[in-house]
Every structure is written in C-alpha cells, then in structure tokens.
Amino acid sequence: VKKLGLGIGWRPELAVMIDRDPALTFVEITGEHFLMHKPPAALDRLRDQGRTIVPHGISVSLGSAEGVNLEGVRLLDSLARRFRSPFVSEHLAFVRAGDLEAGHLLPVPRTRAALNVLVENIQRAQELLSVPLALENISALFAWPEADFTDAEFLSEVLRRTGCLLLLDTSNVYANARNMGLDPIDFLDNIPLDRLAYVHVGGGVEVEGVYHDTHSDPVSEEALAIVEALCARIDPPGVMLERDDHFPTEAEMKGELARISAAIECGMQQRSGAR
Amino acid sequence: MTLRDDRTELGRRQYDVLRSILSKSAPAMGMQLENAAATLAAKRRREVGLAAPVTAASVGDQFSTVFNEYASRNEYPARGGPLADAAGFVRYCRQTRQLSVMALREGMLLEARVGFPVRISRIERSLVVAVRLGRVRACTIARW
C-alpha cells in the first residue's frame, strides 16, 4: 500500500491552507461534490506537486439489497484516473432502500445473508474500478436485532472475500464504543490491519447521551487514544483529519493536525519500545 | 437460500428500518431507532441550513418549524443530496411565505447547481438569470 503520510479532507474553505502546507502530503476528496462540477484547478495543482489525492464516496451504498449506485462508482473511477490516485474508498454501509434515501450512512446487518449481498455488490463495484477499493467502518446509530458476526469479524470477512483495502475511521470506532458498547482495543486486535490503506480521524460531540461523529468539532482525546493504540500495533500508511464544517482558524487546524501527529508518534514509540 | 433470496430478505428489512427511521413510525422488529431518527432529521435540517443560509436567515426563528413541515411532506431527494434538498426547501418556502430577494436568488443558484444549468426567474421587478458554467452565478438581466 502506498505511503501517504499526513493528510486532510479537501474542502474549498481549506484549499489555501492545504496549498501552503507541504506537510499535508495527501488529501481526500468527496466524489459526490464533483457530480455537477469539474474539480477545481487547485486539486490539479496538488496532484502536480506530487501530493496524493484519494477519491472518497458517500452514496455508492455498497450494502444496499438492490445493488450499488453504479454512477457513483464510475464517478470515483473517473476522479481516480484524473488524479492518478492509488485507490478509492467508500463506506461499508447502505444509504438507500427501495425508493427511500437516508441521507446518512446506515449499518448493514451482521448476518451471512447480508454478507453475501455485500460481497457481490463490492465485486460489482470492483469490476468498474481501475484502482483498488478501500472500505471504511462506519459509526452505527442502531443495532440490528440478530447477528452472525461481531463487527470485527464482519469487516474481516468482507475484506477477506473481496480483497479490498481498509480505511479505518478511528473516530467511528470511538463512536461505536460510546454508543454501542464496542471495545475499541478488541476491535483493533481483531481486524486485518495489514490491509490498512489509511486512517480517518474526525471530531464529534455528545448530544443527549449520543455521541455524533460530526466532523465539525475538535477531535476528542479518546479518539486520539485509538490512533495511538493503532500506531502501537502498525505503522499506518496514511492518517488524515476530517473537518467538514465550523472551520476554525488555520492555527487551530494546524493544532488539530499536530495533536494527531503527536498521537501517531506516541504510538510508534510504544511499538519500537515493545520490540 | 439463494443469493436472490438473500437480497429479497435484506431489501425488506432495510426498507422497513429506513421507513421507520424517516417516518418515526413504530420501530421495525422492535429495534431502538429513536436516536437514528433524531440524528437523521437534525442532520438533514443542518445541511439545508448550510446549503441555503440566506433562506434560513430569511425564515428566521421559524427555520426549524418550517423545515420540519417541509421534511414531513418531502422525502430526502434521491439525487443531488443536501443541495437538492435545499433547493426543494427554498421552493417550499416560496410557496408558503415571503422570502427576501437574496433568498430567492439563492434558490435559483441552487436549482442551477443541481438541475438544468440555466434558470430564469422574475424576482420582484427584475428578471434574473442563474447559470452553471463551471461555477454558478446569477445576474440581473432586466429591471422595470
């Protein structure tokens, strides 16, 4: 897997900061933002500077029973070709059912039947992609009543059967720990980290007892502790900050990135100390 | 069970759950969906507020109430995401209340972004055109 380094989700509001910070060696772009518009020249400039651009989808709906949004897959592929991306990424989730749109990522049941459908959907998407696909774990807002697998087993099985890479969202791991009682360390210890392509770290907030992965609040210390725990186990190819809204000052953004770098460093020191 | 059976069964369950979440009706299969329903509704409202800030400001303190009315009558759009939702919200507001001139222009810009790339509309005593050509712009082409 290509070494990506430190990155950030590209947004127009962050373009200037990204442009003048060479320490940000990769950016992730949301494919759906470019359904109606061509990507801006700023992204071509980043590519020409040698920075990696990873197209990321939010509406392919890999987990939908009626199949995937093929237009969304083709969009990701066209962006990957344009920016010579090493891979694209999408969520292990469904966003539509029949004529209903969720407008949000929802969990797939952890059953054998759902696994079979998911694997076939992903294989269909892979047929249309010229680059590998990385799958992201989501934060679940509810649990399905019965399950044949744990979250870690389900993710591992999907990756094994499809050959996909892993996009690990540590903040979603934290959200699932808070909201669903998942043990984050047990989760890390039971997923195939050798498939890791890159890592998401985003902020969130608790509202009425429910933790929301908002990407518009500071990254919590607990989410950073998961980054640290991850880096104590493996050297992740890339780690990036997700910030989509309520953009703070450039100094504060750099402060967030520095906190992530410190967590990575701390985890790596634990790993080298354990050798 | 064949894969086709798996799809049919999964589709039924996903549809039941999503319908329960979106309509806040009786939870499917005894599941706890209140948090999901509240989160999705709040997220939709917040994203429309961000995509149509001028309209949200024009509606003012009533924004949440008016948006909830709109959302109860209009499902989340199948295409276009929050921008299409915001365009729908501005259309709804136009029909139900007086919007500021800038909010009406914002609605035109949203329509041009998510649909046909040229929009012409009369706003008070002006004829305004919104065009998507790379970026989206609106300008007044006639006044009387």
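Each chain gets a letter, A, B and so on, in the order the sequences are listed, and its residues count up from 1.
Of the two parts of A:His104, the backbone and the side chain both hold a non-hydrogen atom closer than 4.5 Å to a non-hydrogen atom of chain B. Contact of A:Asn121 with chain B is made through backbone and side chain together, with heavy-atom distances under 4.5 Å. With a 4.5 angstrom heavy-atom cutoff, A:Leu100 touches chain B via backbone and side-chain atoms both. Only the backbone of A:Ala143 comes within contact range of chain B, judged by heavy atoms closer than 4.5 Å. Interface remark: B:Leu83 contributes no atoms to any contact with chain A (heavy atom separation under 4.5 Å). Contacts between A:Asn69 and chain B at a heavy-atom distance below 4.5 Å are absent for every atom of the residue. Contact of B:Leu18 with chain A is made through backbone and side chain together, with heavy-atom distances under 4.5 Å. Looking at A:Val210, the atoms closer than 4.5 Å to chain B (heavy atoms on both sides) all sit in the side chain, from C-beta outward. Contacts between A:Ser59 and chain B at a heavy-atom distance below 4.5 Å are absent for every atom of the residue. In this structure, chain A has heavy atoms under 4.5 Å from both the backbone and the side chain of B:Arg113.
The shortest side-chain heavy-atom distance between A:Thr111 and B:Arg13 falls under the 4.5 Å cut-off. B:Met31 places a side-chain heavy atom less than 4.5 Å from the side chain of A:Trp144. Contact annotation: the side chain of B:Leu10 never approaches that of A:Asn116 to less than 4.5 Å [non-hydrogen atoms, C-beta and beyond].
A:Glu101 and B:Pro77 make their closest contact through CG-O, 3.6 Å (heavy atoms, listed as atom of the first residue, atom of the second, distance). The two residues B:Tyr76 and A:Gly103 have their closest heavy-atom pair at CE2-CA, 3.6 Å.
Contact count versus chain B (heavy atoms, under 4.5 Å) is highest, among A:Ala102, A:Gly67, A:Gly209, for A:Ala102. Counting heavy-atom pairs under 4.5 Å between each of A:Thr214, A:Val108, A:Asp99, A:Leu106 and chain B puts A:Asp99 at the top. Residue with the most contacts toward chain A among B:Glu75, B:Glu9, B:Arg132, B:Arg44: B:Arg132 (heavy-atom pairs, distance under 4.5 Å).
Taking CG of A:Leu141 as the reference point, atom OG1 of B:Thr39 lies at 4.5 Å (rounded to 0.5 Å). Considering CD of A:Glu66 and OH of B:Tyr15, their distance stands at 10.5 Å, rounded to 0.5 Å.
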Under the side chain to side chain contact (heavy atoms under 4.5 Å, CB included) rule, what do A:Glu120 and B:Arg7 come out as? Steps first, then yes or no, please.
-> CA-CA 10 Å; A:Glu120 191 181 63; B:Arg7 280 194 187 277; 2.7 Å; yes
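Taking a cutoff of 4.0 Å between a charged side-chain nitrogen and a carboxylate oxygen, A:Arg112 and B:Asp6 do not qualify as a salt bridge. Electrostatic pairing of B:Arg79 and A:Glu71 counts as a salt bridge here, judged by a charged N lying under 4.0 Å from a carboxylate O.
Within a 6.0 Å radius of CD in A:Glu127, other residues, nucleotides and ligands contribute more than 12 heavy atoms.
At distances below 3.5 Å, at least one donor-acceptor pair connects side-chain atoms of B:Gln14 with backbone N or O atoms of A:Gly63.
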